[in-house]
Amino acid sequence: DTAEIILEAARGPGNVTVDAAGPETLTFSEVVRLLASATGSHARLVHARPGAVLGLIQILGHLRRDVVVTRDELAGLMGSLLVSHDPVRGRASFREWVHREGDVLGRSYVSELQRNYRYAPL
């Protein structure tokens, strides 16, 4: 359980970085296909040049008045910066969670800016 991993790290001495991911490792394409399957989406996965993708994402972000993904985040995804090289420690399956929660995933839009930076009026 991720909580157990975090508590174990917190009890240890000093600052540590702990990889709590696992047990499976999925590619970005596999995650997209998994989410589409679990939510009943018929969207097709289309591969495109990073510049074209970023341009389309920026247009979408402008229309939503939000930041969908930044240039740095896209570069990190493409550079496999989210891939850990540490031993797997997590035991909760992302695949199982997605299938269990598929009926609610993607049903409403959550704004990155609203959630993290904008304050709701009183």
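Only this structure's heavy atoms are used, side chains among them; waters, hydrogens and symmetry mates stay out.
- When the side chains of ILVMFWY residues are joined at heavy-atom separations under 4.5 Å, either directly or via intervening members, Phe28 and Leu74 end up in two distinct hydrophobic clusters.
- Leu81 and Val69 are members of different hydrophobic clusters when ILVMFWY side chains are connected at heavy-atom separations under 4.5 Å.
- Scanning for side-chain hydrogen bond (donor to acceptor under 3.5 Å, both in side chains) contacts around Thr27 gives Glu30, with sequence neighbours left out.
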N/O donor to acceptor pairs below 3.5 angstrom from side-chain atoms of residues 39-61, sequence neighbours left out:
from	atom 1	to	atom 2	distance (Å)
Thr39	OG1	Leu35	O	2.7
Thr39	OG1	Ala36	O	3.4
Ser41	OG	Ala43	N	3.0

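- By the neighbour-count criterion of 12 heavy atoms within 6.0 Å, atom NE2 of His99 is densely surrounded, having more than that number from other residues, nucleotides or ligands.
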Between Ser111 and Arg64, does a side chain to side chain contact (heavy atoms under 4.5 Å, CB included) hold up when you go through it step by step? CA-CA 8 Å; Ser111 165; Arg64 294 296 316 196; over 6 Å; no
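- Arg115 approaches Val110 most closely through the heavy-atom pair CD-CG1, 4.0 Å.
- For Arg100, the CZ atom is densely surrounded, since the number of other residues' heavy atoms within 6.0 Å is greater than 12.
- At least one side-chain heavy atom of Leu34 sits less than 4.5 Å from a side-chain heavy atom of Arg95.
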